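Notes to accompany the following structure.
In what follows, chains carry the letters A, B, and so on, assigned in the order in which the sequence lines appear, proteins first and then strands, with residues in each chain numbered from 1. Source: prediction; values computed, not measured.
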Amino acid sequence: MAIQKILFASLLICSLIQSIHGAEKVRLFKELDKGALDVTTKPSREGPGVVLDAGKDTLNITWTLSSIGSKREAEFKIIKVKLCYAPPSQVDRPWRKTHDELFKDKTCPHKIIAKPYDKTLQSTTWTLERDIPTGTYFVRAYAVDAIGHEVAYGQSTDDAKKTNLFSVQAISGRHASLDIASICFSVFSVVALVVFFVNEKRKAKIEQSK
Amino acid sequence: MEPSQRNTKPPSFSDSTIPVDSDGRATVFRPFSLSSPHSRAFHLAWLSLFSCFFSTFSIPPLVPVISSDLNLSASTVSAAGIASFAGSIFSRLAMGPLCDLIGPRTSSAILSFLTAPVILSASLVSSPTSFILVRFFVGFSLANFVANQYWMSSMFSGNVIGLANGVSAGWANVGAGISQLLMPLIYSTIAEFLPRAVAWRVSFVFPAIFQVTTAVLVLLYGQDTPHGNRKNSNQNKLTIPEEEEVLVVEEDERSSFVEILIGGLGNYRAWILALLYGYSYGVELTTDNVIAGYFYERFGVNLEAAGTIAASFGISNIASRPAGGMISDALGKRFGMRGRLWGLWIVQSVAGLLCVLLGRVNSLWGSILVMWVFSVFVQAASGLVFGVVPFVSTRSLGVVAGITGSGGTVGAVVTQFLLFSGDDVRKQRSISLMGLMTFVFALSVTSIYFPQWGGMCCGPSSSSEEEDISRGLLVEDEDEEGKVVSGSLRPVC
């Protein structure tokens, strides 16, 4: 029961921490300043039906303050550029779901780069990381204020998230050495069972002959 | 007038340090001594089942990584969860008769050896279909549970059988919780050296090795009954030199097995207990599958925190299920079988109400608290079910344990399929409905009746003059009329 109490106390402490954290106001995506940034992407390979390879292909990404500007530009401190799931890759996948509550939003889990805000044109060339899963993506840039809260954003697609999307194919994790190791160990397991039966049978015969 | 002693031969381990009944079963439960075959069997049984739980539940914590890598959808993940329980339905039903036939030690080891390659093949998965298939066959390993309970019932007497069943099953069940903690750690460690897409595949080597190790230990150090292995006692019969008698013996064994099978399948109490177990243990399994996702989606906690919360649900088995078994024995000691049945109904009903409440609570802190209390009751209810199972039929114990055990996994499949599958799942409502179902089905305890001991609503049959022994030692079972079955002799006062 001591373990139970320790476990419960730990959970209680974690819950309290979480409660305190949850006391602040919930920030919503729709409150962000939309279209404040112009974002463009240019994959290293383009064309209908082209699928980029994780770990190989690159994206050239640019962002800048949009022509319409932003009323909250004074708050911009850092620009965070992220790779986001497009709607086709969110279907039937609750862990990639879009939420208006920002702390629950799971649309943009892959970070590309974070840079101090500069109103002039910025660009970077980013290689798709090896752990990017298969799916359809776009790029979004968030403007973040001094305390780390998002205040505005721009993205490489339109509001309906249908234009300028690109597809990525993840690398396969299967390797010949892993296959061989699994097969060898499986054979060991079955052989151990066979050896046991043979041994039991032999013992039974010995007992019979007594 | 005391009955004359049938067996004039002294017990084979009269030097043993622990008291035993006439069948050699221990009448005390001392898990921290390894000097007797009873406690060795206890540790081997729970450790072996622990490794099977660890394997079966080693995949869920890595599902977020596997889903990304293989592009699995939520529907595929849900179908795989159902498949893992479906696999153990058939294997548990088969395991009961297998224990009767070749003994729990051999059955348990065979199962572990054969399912270890399956968990290894998780590293070879490349498509949603193969993912579902792997989870289906890994689920077979949960049949080890039937061997575990059968073994404890062969080693421990009626006055401690609930506790022994509860502790061995509860400690084994902790394997499900531990894997929720350990597998992410194993994966994270390996991911330091290998790409993520490779790391999760390598992670499955560890549960496979663990499973084979425990199987070897069971074969080397375990024995089926206090007197030795079942196979040996069978072999001794076959040493009769004359050919005619050998044939007669074989014929007897075959018909005896069929009788055991029919005796178990035909006992309605086994099926009622299966239903009850389906809505205690089945609910527990379903919760194991969905609770991490529930906290992740509803309260926005990150994957690590969700995994920790889910792990705490499983780990509370270490005390909750043994507590259920202990309560069953305590009530049995004081009130007999009626006490065991009433205790089962009360605990399972409370578990159902707490589950309804879990789906209604809106704060993260409140949900965790209710979930924790719910885990205590639902797991204790599982312990209480198997405090009753050994008394249903001593002769067909394996079959009854198999029916009840498979009922748990049927319950999990049905519940998960009805309430948690499909594209637009509202987990809050589903969890409350699951609690309501648990509460309603708990009422089926009222239909369990033993002529010699009574049921929830009425006492023993007046025609039965036998002393109430559900408080203490197990005896040969009788048919429903209370008459002595021809062929099984009983001392006459």
Exercise. Ignoring hydrogens and angles, tell me if any N or O in the side chain of A/Ser182 forms a donor-acceptor pair with the backbone of B/Ser121 under 3.5 Å.
Key: no
Quiz item: If you count heavy-atom pairs under 4.5 Å with chain A, which of B/Leu70, B/Leu114, B/Leu72 comes out on top?
Solution: B/Leu72
Practice problem: To the nearest 0.5 angstrom, please state how far the OG atom of B/Ser73 sits from the CZ atom of A/Arg96. | Solution: 10.0 Å
Quiz item: Heavy-atom count around B/Phe295 CZ within 6.0 Å, excluding the residue itself: above 12?
Solution: yes
Practice problem: Quick one: list whatever passes salt bridge (charged side-chain N to carboxylate O under 4.0 Å, His left out) with A/Asp145, sequence neighbours left out. | Solution: none
Exercise. Sort B/Ala215 into side chain, backbone, both or neither according to what part of it lies under 4.5 angstrom from a heavy atom of chain A.
Key: neither
Practice problem: Among the options B/Ile209, B/Val118, B/Leu219, B/Val212, pick out the one with the most heavy-atom pairs lying under 4.5 Å from chain A. | Solution: B/Leu219
Self-check item: Closest non-hydrogen atom pair between B/Phe113 and A/Ser189, with its separation
Solution: O-OG, 2.6 Å
Self-check item: Heavy atoms from other residues, nucleotides or ligands near NZ of A/Lys115 exceed 12 (cutoff 6.0 Å)
Solution: yes
Exercise. With a 4.5 Å cut-off on heavy-atom pairs, point out which of B/Pro117, B/Ser126, B/Ser112 contacts chain A the most.
Key: B/Pro117
